[in-house]
Amino acid sequence: AGLAVTAGLGFAMVPWLRKLKFGQTILDIGPKWHKSKQGTPTMGGLMFIIGTVAAIAVTVITDKLTGGDIVASGSLVPSEMYTRLWSGLVMALSFGLIGFADDYIKIVRGRNLGLTIKQKTLAQLLVCVAYLMGLYMSMDGAPYMFVPFVGMVEIGFFHWIFGIVIIYASVNAVNFTDGVDGLCSSVTVTAAVSLGVIAGLKGLFGFSMAAAALAGACVGFLFWNKNPAKVFMGDTGSLALGAAFACTSIMTNTEVVSLIIGGLFIVETLSVMIQVVYFHFTHKRVFLMAPIHHHFEKKGWAETKVVIRFWIMAFILAVLGLASLLTL
């Protein structure tokens with residue numbers, strides 16, 4: 001359902017975004033061949049956001065009408081299951097709204113600069129705290145998470161610290177990964193499927209269903225975002241994807257495992273941090289360009305080669321993440 005709705009929306013939304021002249025502004029400091037993408041419609045993340053929500057709604061409603069309750073069925077208290085799922089969905093939509101505001105300002109001003117770093121950070125932190133507060137109030141017992149080779153560990157007050165770090169880092173790491181046609185959405189498919197499998201193994205079928213809806217929607221988006229991209233997801237999409245990845249790992253208490261599954265996102269973020277810090281002190285660069293996917297483009301890799309190689313890496317990391325569940 002997520003795939004069908006998202007792919008189908010493209011036939012209406014891509015021409016609509018182009019008609020509104022919601023085009024992407026390409027930075028001059030980027031690869032020169034990216035200049036040909038100037039004006040490609042952005043905010044395409046709306047497509048898979050709508051697709052994911054529609055798929056979840058169809059599944060939940062259909063299940064209710066046939067006498068089931070996929071959200072409440074699982075290893076947690078039904079009320080906590082509902083709170084975790086719906087609060088996670090609201091949180092992802094809230095981050096998508098922040099991204100939408102950022103994209104809209106960029107389009108209106110005709111430059112690749114939307115919300116300021118302070119504005120974006122403040123908005124993201126407010127959403128993080130509100131989401132974590134909702135989770136904490138609905139918990140039946142102390143917060144905990146799974147640590148490979150150790151097991152379930154009660155984290156107490158660190159629920160807030162780990163939660164904010166995981167959400168904020170994930171959202172911005174996924175945002176860094178969005179820079180090559182099809183890269184962010186294809187890597188997110190692998191991550192979503194992995195977290196969906198984990199949720200299923202833990203008996204959290206509502207969360208598994210939501211992860212499957214997200215994965216399907218991202219595949220549907222790839223029909224329009226694969227090279228050469230007819231639409232970009234923009235911050236509207238990348239921030240929502242990062243939030244969805246973070247909240248799914250939190251909902252399944254696998255925050256540490258998600259660091260393995262989302263290892264490629266971490267690599268992208270570290271490449272930016274290393275570049276900035278090293279250049280600050282030496283005025284030299286470690287990479288030809290950061291994030292690291294642009295480094296390989298500068299080395300002569302075609303965009304399709306970058307996507308395929310990075311997707312293979314993401315798949316290997318996903319398998320390692322799932323394998324870490326067998327350490328006990």
Is any side-chain heavy atom of [X] less than 4.5 Å from a side-chain heavy atom of [Y]?
{"X": "H295", "Y": "V286", "value": "no"}
{"X": "I167", "Y": "V127", "value": "no"}
{"X": "D235", "Y": "K106", "value": "yes"}
{"X": "H294", "Y": "L288", "value": "no"}

Check: [X] side chain, [Y] main-chain N or O, donor-acceptor pair, under 3.5 Å:
{"X": "S271", "Y": "I292", "answer": "yes"}
{"X": "N175", "Y": "V171", "answer": "no"}
{"X": "N225", "Y": "V231", "answer": "yes"}
{"X": "S258", "Y": "E255", "answer": "yes"}
{"X": "T252", "Y": "S249", "answer": "yes"}
{"X": "W224", "Y": "A7", "answer": "yes"}

Enter the distance from [X]:[atom1] to [Y]:[atom2] here, rounded to the nearest 0.5 Å.
{"X": "L20", "Y": "M43", "atom1": "CG", "atom2": "CE", "result": "9.5 Å"}
{"X": "L317", "Y": "L259", "atom1": "CG", "atom2": "CG", "result": "11.5 Å"}
{"X": "S185", "Y": "F48", "atom1": "OG", "atom2": "CZ", "result": "7.5 Å"}
{"X": "E268", "Y": "F176", "atom1": "CD", "atom2": "CZ", "result": "9.5 Å"}
{"X": "L195", "Y": "T188", "atom1": "CG", "atom2": "OG1", "result": "10.5 Å"}

Any side-chain donor paired with an acceptor under 3.5 Å for D103 and T236?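 A donor-acceptor contact under 3.5 Å links the two side chains.
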Output, in order, the C-alpha distance, side-chain angles, deciding distance and verdict of side-chain contact (heavy atoms from CB on, under 4.5 Å) for V307 and N227. CA-CA 10 Å; V307 172; N227 186 265; over 6 Å; no
My understanding is that only one of D63, T62, V58, I56 makes a side chain to side chain contact (heavy atoms under 4.5 Å, CB included) with V60; could you say which?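 It is I56, the one option of D63, T62, V58, I56 that forms the side chain to side chain contact (heavy atoms under 4.5 Å, CB included) with V60.
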Other residues, nucleotides, ligands: >12 heavy atoms within 6.0 Å of [X] [atom1]:
{"X": "L65", "atom1": "CG", "answer": "yes"}
{"X": "F279", "atom1": "CZ", "answer": "yes"}
{"X": "F315", "atom1": "CZ", "answer": "no"}

Which heavy atom of I261 sits nearest a heavy atom of G321, and at what distance?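 In this case the closest contact between I261 and G321 is CG1-CA, 3.9 Å.
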Is there a side-chain contact (heavy atoms from CB on, under 4.5 Å) between Q124 and L239 once you walk through the steps? CA-CA 10 Å; Q124 291 178 359; L239 296 191; 4.0 Å; yes
Take K226 and D181 through the salt bridge (Lys or Arg N to Asp or Glu O under 4.0 Å) test and state the conclusion after the steps. CA-CA 5 Å; K226 63 182 177 64; D181 295 351; over 6 Å; no
How are the rings of [X] and [Y] set to each other: parallel, tilted or perpendicular (split at 30° and 60°)?
{"X": "F245", "Y": "F265", "result": "perpendicular"}
{"X": "F100", "Y": "Y104", "result": "parallel"}
{"X": "H293", "Y": "F310", "result": "perpendicular"}

With side-chain contact (heavy atoms from CB on, under 4.5 Å) as the test, would you mind laying out the steps for K230 and T40 before giving the verdict? CA-CA 7 Å; K230 296 178 179 63; T40 300; 5.9 Å; no
According to a hydrophobic-cluster definition based on side-chain heavy atoms being under 4.5 Å apart (Ile, Leu, Val, Met, Phe, Trp, Tyr only), do I98 and V129 belong together?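 I98 and V129: one cluster.
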Could you go through the side-chain contact (heavy atoms from CB on, under 4.5 Å) check for V90 and S87 one step at a time? CA-CA 5 Å; V90 170; S87 63; 5.6 Å; no
